[in-house]
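Naming convention: chains lettered A, B, ... in sequence-line order (proteins, then strands); numbering from 1 in each chain.
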Protein chains: 2
Amino acid sequence: MGYYTHSNRILVALDCIIFGFDGEDIKLLLIKRNFEPELGKWSLMGGFLEENEDLETAAQRILYELTGLKNNYLEQLQTFGSINRDPVERTISVVYYALVNSQQQDINAINAHNAYWINLSDKPDLIFDHNRMVEQARQQLRYKAALHAIGFELLPEQFTIPQLQKLYEAIYNRKLDRRNFSRKIISTGLLLSTGQKDSRSATKKGQLYRLDTTNYQRYLNDFVSFFPELTLT
Amino acid sequence: MGYYTHSNRILVALDCIIFGFDGEDIKLLLIKRNFEPELGKWSLMGGFLEENEDLETAAQRILYELTGLKNNYLEQLQTFGSINRDPVERTISVVYYALVNSQQQDINAINAHNAYWINLSDKPDLIFDHNRMVEQARQQLRYKAALHAIGFELLPEQFTIPQLQKLYEAIYNRKLDRRNFSRKIISTGLLLSTGQKDSRSATKKGQLYRLDTTNYQRYLNDFVSFFPELTLT
DNA sequence: CTATAATTGTGTCTTATATACACTATTATA
DNA sequence: TATAATAGTGTATATAAGACACAATTATAG
C-alpha cells in the first residue's frame, strides 16, 4: 500500500446523537464531561475513528460503550468540518444519530460515562458545534418519522396506538386528532394486534400492537411525496 | 493550539456528484482519468481537504475548478469511510452533490479535466465506491425533488411547464399526466409568468415561467409528509 | 395557402383522502 | 356505584388526486 503525496492528514471524530422516548417526551442522552477538553460542560458522546474501523462500526462502538446497546437504528447524519470547530486541534466530526428504546439500556455504562437522559426541550448548551448537530438531527428525525414510519424504533416492542400517537406528538410538538391518527395508522397495515392489553395504564387499557416487520421494510423505503403520484420505491 | 494524543490522522477527500439536465435526460459530469491512480477509468471529480478550508468551501472549490461555476445548489450527501475504499491509502471521502444548469458551464475547464456530460442511465462503471455514491445521490435527488421543489436548479432561469415536467419525468423515470402536472405546479404558487414564449419549440410555443423566489424559500423548507397533517415549517 | 403533425393549454368528472367532530366503552379509584 | 380518565369507533364535509377530452398554436409538407 502506497501513500498519496498530499500531506493534510487530520483527526476524524464521531459524535452520536442518541434519541429516546419515555412515553411523554423525546429525550437526548448527553454527557456531563468529567474529562478534558471542556471539562464540566455538556456534550454529545463521541470518540475518534480508529485505524482499522469503518465509520459505521466506530459509531456503533461509541454507542455501545455508552449504552450497552447494539443493533439500534443508527444512521449517519452529516459531517461537520469547520476549521475551528474543535479548539484543541483541527478535527472533522462524522455525526450519527441513534434511536434507542430507552428501557433496554445498560444503566451502569451510562453512569460510568456520567451521562443523563435529558428532555430535548430542556437541552443545555453543548460544547463546540454540538448544538447545531442536535438541531439538525432533530429536523432529520422529523423528516424520517414523517416519511418512513421510523418512530417505532423509539417504542418498546409492544405498544398501544395512543402511545404511538404521543411519540408523534412529541416529535412534532403538536396535538393530533386521536380518531384520525388511529384510522390512518391502522390503514398503513404496519401494526399487528397482539391480543394483549396494556397493563400499566391506569384507566381503560389499550390494545397492544407490534410492528408488522414484513410491511415495515416496505415503509422504510417508500415515502409519500410532494407529488403523491411520485411515491417512490 | 494544542494537540490530541490520539494518533490516527487520515486523509480527507471530497467527491462531487454533479447533476445536469439537457431537456431530456438527467446528466452526470464524469471524469475520464488521465492521472493516477486508476488512470484511464471513470470517476467523480474529487480532491483533498486543505488545511485552512471548510468542507463546504472545499466542495465549492472542486466544483469551480471543474465547471467554472459558483453559487450552485450544493449539498453534502454523506461521508464514505470504509477501510479499504481507496487502495492507495486510507482516505475518507465527504461527498457533495451539485445541481447545475449545464448551459452556464465553462467548457474549457471541463475539457481541461477530461470531463464529459453523460446520461445518468448510461453511467459507466466508476472507480472505488463512486458507484455507490452516485446511486445514493440519485436517491437523494428524488427525495429532495419530491419534497422540496428543488428541481428548478437544473433548469435555465426561464422555462415552460412542459420542460419542468420533462425534468420530473427524468428524475423519476416515469410519465406524468400533463394536465394534472400543470394544475398542481401552478397551484403551488412557485411560478411567475414572464409573458414571453419559448422560441426554441418547433410546434406550439409554451409560456415561459420563472421561479417566484419569495415562495421558493418557503418550499425549500416545507414539505408534504407521510401524515399531511404534519407538514413541517 | 391549407392540411397535418406535434405540442401546449384548459375543463370536468369520479374517487379517494383529509379533517372535523360526537358518542360509547373500559377501568382504577373515591 | 359514581366519577374521572382514557380508549375505541362512526360519520359527514371539504379538499385533493387521478383519469380523461377537447380546443389552440405553430412549423412543415403538399
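Here the C1' atom of nucleotide dA7(D) and the CD atom of Gln163(A) are 12 Å apart, to the nearest Å. Here the C1' atom of nucleotide dG9(C) and the CG atom of Leu164(B) are 15 Å apart, to the nearest Å. Taking atom NZ of Lys166(A) as the reference point, atom C1' of dA7(D) lies 11 Å away to the nearest angstrom. Per the geometry, CD1 belonging to Ile161(B) stands 14 Å off C1' belonging to dT7(C), to the nearest Å. Remark: C1' of dC22(D) and CZ of Arg178(B) are 11 Å apart, rounded to the nearest angstrom. One interatomic measurement links the two molecules: CZ of Phe181(B) to P of dT10(C), which rounds to 15 Å at whole-angstrom precision. In this structure, Gln207(B) places its CD atom 12 Å from P of dT26(D), rounding to the nearest Å. Atom CG in Asp177(A) sits roughly 11 Å away from atom C1' in dA22(C) (whole-Å rounding).
Mapping Thr203(A) and Ser182(A) onto DNA chain D via the closest heavy atom, the residue that lands nearer the 5' end is Thr203(A). Annotation: of the two residues near DNA chain C, Pro162(B) and Lys197(A), the 5′-most nearest-nucleotide partner is Pro162(B).
For the pair Glu169(A) and Lys166(A), the salt-bridge criterion is not met [side-chain N within less than 4.0 Å of a carboxylate O].
Note: Tyr172(A) and Tyr168(A) have parallel aromatic rings, judged against thresholds of 30 and 60 degrees for the angle between ring planes. Ring pair Phe159(A)/Phe152(A) is tilted by interplanar angle, where 30° to 60° counts as tilted.
Between dA17(D) and Lys184(B), a contact under 4.0 Å exists linking OP1 or OP2 to a side-chain N or O. Between Lys204(A) and dA4(D), a side-chain N or O to OP1/OP2 separation shorter than 4.0 Å is absent. The side chain of Lys205(B) places no N or O atom within less than 4.0 Å of a non-bridging phosphate oxygen (OP1 or OP2) of dT8(C).
Annotation: the span from Asn72(B) atom CG to Leu154(B) atom CG amounts to 10.0 Å, rounded to 0.5 Å.
For Arg183(B) against dG11(C), no side-chain N or O and base N or O form a donor-acceptor pair under 3.5 Å. On a pure distance criterion of 3.5 Å, a polar donor-acceptor pair joins the side chain of Arg179(A) and the base of dA22(C).
Summarising the local packing, CG of Asn173(A) is surrounded by 12 or fewer heavy atoms from other residues, nucleotides or ligands at distances under 6.0 Å.
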